[in-house]
Colleague: 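Pasting a structure below so you can have a look.
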Protein chains: 2
Amino acid sequence: MPYHLIRKLGRYAGLSTVDEEMLRQLARASGWVGPRSDLLREGAAPRDVCVILEGWACAYKQLEDGRRQIIAYLMPGDVCSMAAVFPDVINYTTGTLTSVRMAQMSGRALLTTMDRSPRILRAFWLDMLAASAIQREWTASLGFLTARERIAHLLCEIMTRLRAVGLADAEGCFLPLTQEDLGETVGISTVHVNRTLQDLRASGLITLKRQQLAIPDFAALQEVARFDGAYLRPAPTARDADHPASLRSILDPVLGSAVCP
Amino acid sequence: MPYHLIRKLGRYAGLSTVDEEMLRQLARASGWVGPRSDLLREGAAPRDVCVILEGWACAYKQLEDGRRQIIAYLMPGDVCSMAAVFPDVINYTTGTLTSVRMAQMSGRALLTTMDRSPRILRAFWLDMLAASAIQREWTASLGFLTARERIAHLLCEIMTRLRAVGLADAEGCFLPLTQEDLGETVGISTVHVNRTLQDLRASGLITLKRQQLAIPDFAALQEVARFDGAYLRPAPTARDADHPASLRSILDPVLGSAVCP
DNA sequence: CGTCAGCTTGACCGCGCTCAAGGCCAGTGG
DNA sequence: CCACTGGCCTTGAGCGCGGTCAAGCTGACG
């Protein structure tokens, strides 16, 4: 069922067809959630791991005075609440942007599966690492890039991530974000997002109309954005591990004694 | 040897004296590294886990045109390169701010120790979670706080973290950062950092002279900063775990079937 | 006593914000 | 089929937060 997830994980760790089948059987699709509704409130302790099947969601923080900051995007194939397996401090809210269809996996069952297949464990691990690399990248982007660079950077990231799950082709992708969403992501006002997009359009770097994004020359946009997509393709360095018994058997594939394909 | 680390970890998971002794024997203090020198370049694959014993370091990203963004602070008791145990994508540089004395632990030995003491594993895990919560907090801070709020927020965070390792008392702490460092952290220019600090001083919120920070009324600063320190004290919710065999035995303490003291 | 790093201050500028009005759909109901 | 509505995008005008440039100050150190 979680097609996009399987596709993405496969890129990390090369899943076998058995692995893929295990994942498919693990996930049970649930219904649609409407746009702009909260999935997971701050402080929740999720029991299941959720995977986005269709639609976009995000994690965000909000102040009493209304200011809002989007912390992360959750797109098809992304895992919402790894906290159900590797407990996490959830001091942010997760909400949908568009309508969203999700799949649920019991944390326990996923754990069993990871235990059976080192490749699956490794792939999930690398996906978590990619997520935290994205977080660092956002920190940097907000810190030292200009508005124009930030928007460009975000679009590069989104394109790269969507490509990894087969939702973008060479030309472009579907982008269901409002300019307000973009503003709350890169820390600028809606009006200025608009002007910045105009600017990028005028420079021939992007086309964006009716939620359809096109990037005629990705390399050019990448340069404007100072974007280097390496952080989205994590692959631990080869390592001649010689680790102790039980943790070894668990983490070895994660530690990547074999180079990933 | 890693006194501050042990103190911090103890707050997470309640280490036994045996645990503490294991950690002490694991870490071997190494010499001093001068201020403003790089410890770990982008792309490195560290073999040892480093712990800061004294001094401050940071992780940062830098562009060719000189712009620099500090991604994280590493203070006494902080772990630099967990990548040696849980492999990570290192797409940033780690460098010292002041002179720094570190301790090294072989990744392998630490793994063995974690394997022997679930409390140690759990404590390290929670420390990693706290680090990623800080990262999210920085993203939000850079995104929607004003310069004044960001500086205040950063000072609150630093005070709280230093208190956890016994390096700050009720009044204040040592703060070895230049105004340039602060600027590169909260994304504003050095000149404006200066003016913002003046402003905070004028409001009676802080005193900062000769690297000595004092916060007469923490609650007041906290309010200005919109700071809520909960994210720095991670404690997974209690959970009636019933997990599969081997992963269970490893991750159970992490999963926190027992409430932490 | 000179030097140098870091702090401070002033003047000016510009990126990005706010407020406000208008335009463009897509969906809805008459 | 068309008027109406509401969400989103667009554009203009004016302002202010924070940037830049430049000079002077302060204190630690040799």
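Note: hydrogens, waters and symmetry copies are ignored here, and every other heavy atom, side chains too, is used. Here is how names work: the chains are called A, B, and so on, in the same order as the sequence lines, proteins then strands, and each is numbered from 1.
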Colleague: Quick one: side chain to side chain donor-acceptor pair (under 3.5 Å) pairs with a partner in residues 215-224 of chain B, sequence neighbours left out?
Modeller: none
Colleague: Tell me every residue that passes salt bridge (charged side-chain N to carboxylate O under 4.0 Å, His left out) with B:Arg36, counting only those two or more places apart in sequence or in another chain.
Modeller: B:Asp181
Colleague: Tell me every residue that passes side chain to side chain contact (heavy atoms under 4.5 Å, CB included) with B:Asp169, counting only those two or more places apart in sequence or in another chain.
Modeller: B:Glu171
Colleague: Considering residues at least two apart in sequence or located in another chain, which fulfil the salt bridge (charged side-chain N to carboxylate O under 4.0 Å, His left out) criterion with B:Arg68?
Modeller: B:Glu184
Colleague: Suppose we screen for salt bridge (charged side-chain N to carboxylate O under 4.0 Å, His left out). Which residues come up paired with B:Asp78, at least two apart in sequence or across chains?
Modeller: B:Lys8, B:Arg161
Colleague: Does A:Arg210 make a side-chain N or O approach to OP1 or OP2 of C:dA26 shorter than 4.0 Å?
Modeller: yes
Colleague: Which pairs count as ring-ring contact (aromatic ring centres under 6.0 Å, His included) when at least one residue sits in residues 148-169 of chain B, sequence neighbours excluded?
Modeller: B:His153-B:Phe227
Colleague: Please classify the nucleic acid contact of B:Gly183 as base, sugar-phosphate, or nothing, using heavy-atom distances under 4.0 Å.
Modeller: nothing
Colleague: Which of residues 57-75 of chain B sit near DNA chain C, with a heavy atom under 4.0 Å from it?
Modeller: none
Colleague: Students should find this one: the first and last nucleotides of DNA chain D, 5' to 3', lying under 4.0 Å from a heavy atom of chain B. What are they?
Modeller: D:dG18 to D:dA28
Colleague: Whole angstrom is fine here: how far is it from CD in B:Gln212 over to C1' in C:dC7?
Modeller: 17 Å
Colleague: Based on the rotation axes of five pairs at each end, what angle does the helix from C:dC1-D:dG30 to C:dG30-D:dC1 bend through, to 10°?
Modeller: 30°
Colleague: Using a 4.0 Å cut-off on heavy atoms, which residues in residues 192-204 of chain B reach DNA chain C? List them by number, or say none.
Modeller: B:Asn194, B:Arg195, B:Gln198, B:Arg201
Colleague: With a 4.0 Å cut-off on heavy atoms, is B:Thr178 in touch with a base, just the backbone sugar-phosphate, or nothing at all?
Modeller: sugar-phosphate
Colleague: Given the ring of B:Phe218, does B:Arg163 sit roughly above its face, with NZ or CZ under 6.0 Å from the centre of the six-membered ring and within 45° of the axis?
Modeller: yes
Colleague: Could you list the residues that satisfy side chain to side chain contact (heavy atoms under 4.5 Å, CB included) with B:Glu54, not counting sequence neighbours?
Modeller: B:Trp32, B:Arg101
Colleague: Holding to side chain to side chain contact (heavy atoms under 4.5 Å, CB included), I want the full list of residues that pass it with A:Thr196, two or more places apart in sequence or in another chain.
Modeller: A:Ala147, A:Arg148, A:Ile151, A:Ile188, A:His192
